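For reference, the structure is listed below as structure tokens.
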Amino acid sequence: MAERAEEQEAVAAEVGPALPLLDALEAEAIHIIREVVAEFERPAMLFSGGKDSVVMLHLAAKAFWPGKVPFPVLHVDTGHNFPEVLDFRDRTVERLGLKLVVGSVQEFIDRGELAERADGTRNPLQTVPLLDAIERNKFDAVFGGGRRDEDKARAKERILSLRDEFGQWDPRNQRPELWNLYNGRHTVGQHVRAFPISNWTELDIWRYIARENIELPSIYYAHDREVFQRDGMWRAIGEFSQPRPDEDVVVKTVRYRTVGDMSCTGAVLSDAFTVDDVVREVAASTLTERGATRADDRISEAAMEDRKKDGYF
Amino acid sequence: MTSTPIDIVESAEAVLGSGSLFRFATAGSVDDGKSTLVGRLLHDSKAILADQLDAVARTSADRGFGGEKGGLDLALLTDGLRAEREQGITIDVAYRYFATDRRNFILADCPGHVQYTKNTVTGASTADAVVVLIDARKGVLEQTRRHLSVVALLRVPHVVVAVNKIDLVDFSEPVFSEIAEDVARVAGELGLRDAVAVPVSALDGDNVVDRSNRTPWYAGPTLLELLETLPSTDELDDEHEAFRFPVQTVIRPQGALAPGLDEDEFRDYRAYAGQVTEGVVRVGDRVAVVTPGQAPRETTVVGIDVAGRSLEEAAAPQSVALRLADEFDVARGDTIAAAGTLPESSADLYGSLAWLSTKPLREGAKVYVKHGTSTVRGLVRAVTGKLDLESFEVSPASGLELNDIGEVQIRLAAPLPLEPYATHRRTGAFLVIDPQDGNTLAAGMVGTHPGDTEDERYWI
Ligand SMILES: Nc1nc2c(ncn2[C@@H]2O[C@H](COP(=O)(O)OP(=O)(O)OP(=O)(O)O)[C@@H](O)[C@H]2O)c(=O)[nH]1
Ligand SMILES: [Mg+2]
């Protein structure tokens with residue numbers, strides 16, 4: 001015991017520099033991505049074209065450079081996506097030479113296997129096509145760009161999170177996760193969700209995008225758009241998002257903080273035209289990104305927990 | 001208080017303002033106020049955004065928190081699961097993030113309930129510091145002793161003891177001093193060095209972020225001041241440790257080169273991907289590739305790559321790809337280490353376990369052992385002892401139950417490059433996994449061979 005104290009004393013004298021935050025987060029994410037690729041047979045990465053998945057894919061490309069990203073990407077298309085984002089998705093997949101698997105909410109609706117919700121929001125409908133794509137492609141690990149700072153239920157998730165045969169998350173019975181030793185063992189029918197950027201905040205994501213010069217869909221930056229106000233959020237006019245007669249249409253300079261389904265994602269008034277502007281804006285923001293822009297999370301206090309238990313991202 | 005953090009504060013000054021990362025976790029008995037304290041830290045360091053605060057205010061009011069005069073139930077900021085909010089307890093770890101001018105924090109709010117100790121071990125395993133809470137009215141409880149033993153076992157670099165609910169004992173100095181002395185004694189028995197005690201009220205905010213004028217007898221730092229100045233694991237380690245690098249995977253693009261790169265340039269590219277777990281590596285260093293069961297093969301590092309950028313050196317915890325001078329057969333599970341520093345691999349594992357499963361451990365059990373980037377089968381030959389939480393003595397045992405801390409001998413199906421956790425917090429750790437359902441049964445820490453140094457045998 002006494003020896004131990006002395007040993008620590010000696011150590012404390014040699015305080016050295018620590019890795020800067022972004023480098024530490026990057027190192028952790030790359031380690032996780034490599035672990036999953038090494039230990040699973042058929043991994044895939046969720047890729048929506050949203051900023052978090054773009055950063056995650058960038059990290060995957062770095063993890064295996066100069067090799068190609070060694071797994072396909074998976075997108076669950078709600079059918080109500082922003083065209084700019086779909087275009088960006090396709091260009092990125094092409095640029096990195098990846099295989100893209102698409103799960104389509106629309107197809108499930110057309111086949112009568114999913115019903116449109118009364119509020120028109122399609123985000124919660126993504127779970128069924130997601131699980132279907134996982135099962136049909138026999139993916140045993142799926143990378144997600146979820147971050148713990150997004151939501152209080154997400155704050156509880158492990159980096160490697162086991163899902164049962166029905167894709168369900170059991171938050172009351174998670175495996176212990178010790179040090180950086182990830183246990184991905186699972187039985188037939190189960191799969192694992194892996195969250196390499198669990199520990200990143202929205203601001204970290206933006207600082208990293210700035211540092212690495214990562215391209216994003218244009219709607220993340222300020223632009224003029226025809227919008228109308230609903231539930232305290234600015235909604236875009238588009239094929240799937242039309243104002244009611246009592247909702248005035250105006251042109252505003254806006255940007256998107258999150259990119260989800262057009263039917264439930266709101267824009268924020270902004271004049272952040274460049275990535276540096278956005279970093280400044282996010283650092284000064286007084287609202288969380290989901291609080292500011294997501295109708296689907298306003299449904300109830302535990303909206304995210306309920307969706308996750310059912311197998312959502 | 002028997003020890004002060006002053007020496008550390010000064011030596012840490014050099015790294016302040018570097019925007020580095022510091023991870024800490026909470027521990028302590030149920031209802032000691034861990035989540036409230038975390039909420040208070042986030043709130044008073046202005047890390048709570050308006051919509052989050054609104055939600056907490058709404059729920060607090062709905063539940064009649066604070067009675068007549070009302071108030072914010074700050075625990076709601078981290079108790080995010082429905083079951084937690086309904087029962088007013090924490091079930092699993094919540095991770096939260098905040099920053100001050102000096103540091104970026106990752107905070108793990110852990111449960112106090114004995115049933116969820118496995119989750120507290122989860123939160124503490126990666127922590128640079130653990131804040132152990134004690135209810136000033138109750139003092140050191142069995143669960144406090146359990147958590148302090150876990151913290152000692154995991155060798156978390158720093159322990160801070162927050163004597164909470166000081167408002168409920170009239171801000172009494174004698175109450176605080178007595179608890180601080182108890183803690184110092186327990187810490188001494190466990191070999192914990194800097195268990196500093198701070199009197200706080202998580203509910204009202206005294207000495208959490210801002211100094212309190214209700215504890216004029218206390219001249220020490222606030223909780224946040226402490227957390228801002230204690231050196232992190234990465235700040236402590238690096239230079240004096242020998243280089244360790246478990247190989248995660250081999251990067252050999254051949255036919256699968258990333259688009260846009262020159263085929264000729266990368267035709268023969270071959271590198272070993274991994275994270276530096278300890279020490280520093282520089283281009284030109286002599287290293288040994290260690291494949292368990294074979295003689296180490298020495299070679300030289302000729303390149304350190306991070307996605308097209310070449311580095312002169314890399315230190316823990318960087319993720320890089322190493323190129324070596326010789327074309328050895330190197331695979332996942334091998335370790336690249338500073339030449340001549342890694343002890344011979346062994347198939348006899350002596351170590352301590354924190355047993356985290358409701359399934360008890362019996363001698364003769366077949367398990368998987370996950371260590372570094374290897375997973376091998378193992379047979380638990382003997383359970384040689386169990387830690388008694390009253391005396392902190394190791395008493396004889398033949399099995400382990402949920403939440404026990406014990407010592408075992410495991411025979412491995414293949415040798416592993418085992419190093420004592422006491423000196424290698426990163427390469428001395430392992431998991432015990434159930435071969436049936438794949439669940440993690442225990443957190444393991446490599447001990448020393450009983451034949452080696454007799455007095456080191458029972459270091460917990
Ligand atoms: N008076 C007073 N009450 C406090 C203080 N800190 C916490 N409490 C109350 O103590 C109760 C338990 O607080 P929590 O923060 O939920 O306790 P916990 O340690 O997180 O509990 P578990 O996570 O379930 O182990 C709540 O009613 C708090 O409001 C304090 O400093 N003073
Ligand atoms: Mg709690």
Side-chain angles (χ1 to χ4, degrees), chain A residues 1 4-5 8 11-21 23-24 26-28 30-31 34-35 37-38 61-68 70 95-97 148-149 152-153 155-156 171-172 174-181 183 185-187 198-199 201 285-288 291-292 301-302 305, chain B residues 8 11-12 14-15 18-21 49-52 80-83 91-92 94-97 104 106 118-119 121-122 125-126 191 193 231-232 234-236 238-240 248-249 251 253 256-259 261 266 269 273 275 307-308 317-319 332 356 370 429 431 433 437-440 443:
Chain A
M1 309 267 149
R4 192 190 161 200
Q8 285 200 349
V11 170
E14 290 182 47
V15 175
L19 218 48
L21 175 69
D23 293 306
E26 178 187 68
E28 178 183 71
I30 288 177
H31 174 255
R34 286 169 171 170
E35 278 304 283
V37 167
K62 286 186 94 164
F64 300 101
W65 181 95
K68 213 195 257 202
R95 177 172 60 81
L96 295 173
R148 287 168 172 161
D149 92 321
K152 56 189 179 307
K156 297 265 159 185
R172 300 191 58 174
Q174 301 193 84
R175 273 183 190 166
E177 192 160 74
L178 305 155
W179 300 287
N180 61 357
L181 295 173
N183 174 8
R185 294 211 161 245
H186 57 282
T187 53
S198 284
N199 286 326
T201 64
S285 175
T286 58
L287 291 180
T288 64
E301 204 188 39
E305 179 180 344
Chain B
I8 300 171
S11 56
V15 299
S18 61
S20 64
L21 189 57
L49 299 180
D51 54 321
Q52 294 172 314
L81 299 176
R82 196 195 300 272
I91 292 173
D92 209 333
Y95 294 90
R96 297 296 306 247
Y97 306 82
N104 301 284
I106 299 183
K118 63 171 184 170
N119 298 332
V121 180
T122 293
S125 71
T126 51
R193 187 170 148 267
S232 70
D234 292 323
E235 285 162 350
L236 287 174
D238 295 358
E239 276 299 333
H240 80 288
Q248 290 187 277
T249 183
I251 299 183
L257 198 64
L261 295 180
F266 293 100
Y269 186 90
Q275 187 169 25
Q318 279 178 282
S319 285
R332 180 176 171 82
L356 306 175
K370 178 159 188 170
L431 305 182
I433 295 172
D437 57 16
N439 283 330
T440 303

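The structure displayed is predicted, hence computed values, not measured ones. Note that these values count all heavy atoms, side chains included, but never hydrogens, waters or copies made by symmetry. Sequence lines set the chain letters: A, B, ... in the order given, protein chains first and strands last, and positions in each chain run from 1.
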Exercise for review: Among the options A:L96, A:T187, A:L178, pick out the one with the most heavy-atom pairs lying under 4.5 Å from chain B.
Suggested key: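 With the most close heavy-atom pairs to chain B, the winner is A:L178.
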Review point. So which of A:E26, A:E28, A:K62, A:H31 has the biggest tally of heavy-atom pairs under 4.5 Å with chain B?
Key: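 Most heavy-atom pairs under 4.5 Å with chain B: A:H31.
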Has the side chain of [X] got a donor or acceptor atom that lies under 3.5 Å from a matching backbone atom of [Y]?
| X | Y | answer |
| --- | --- | --- |
| B:K118 | A:Q174 | yes |
| A:N183 | B:G438 | yes |
| B:T122 | A:P176 | no |

4.5 Å side-chain heavy-atom contact, [X] and [Y]:
| X | Y | result |
| --- | --- | --- |
| A:L181 | B:T440 | no |
| B:P259 | A:K68 | yes |
| A:D23 | B:Q318 | no |
| A:E35 | B:R332 | yes |
| B:P317 | A:L19 | yes |
| A:N180 | B:Q275 | yes |

For [X], which atoms come within 4.5 Å of any heavy atom of chain A: side chain, backbone, both, or neither?
| X | answer |
| --- | --- |
| B:Y95 | both |
| B:L257 | both |
| B:D92 | both |
| B:L261 | side chain |

**Study point:** Contacting region of A:N199 [heavy-atom separation from chain B under 4.5 Å]
**Key:**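 For A:N199, the contact with chain B is made by backbone and side chain together.
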**Study point:** chain B contact via A:A61 - which portion, at a heavy-atom distance below 4.5 Å
**Key:**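 Contact with chain B is absent: no heavy atom of A:A61 under 4.5 Å.
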Check your understanding: Between B:L81 and A:E305, what is the shortest heavy-atom contact and its length?
Key ->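 Here B:L81 and A:E305 meet closest at CA-OE1, 3.2 Å.
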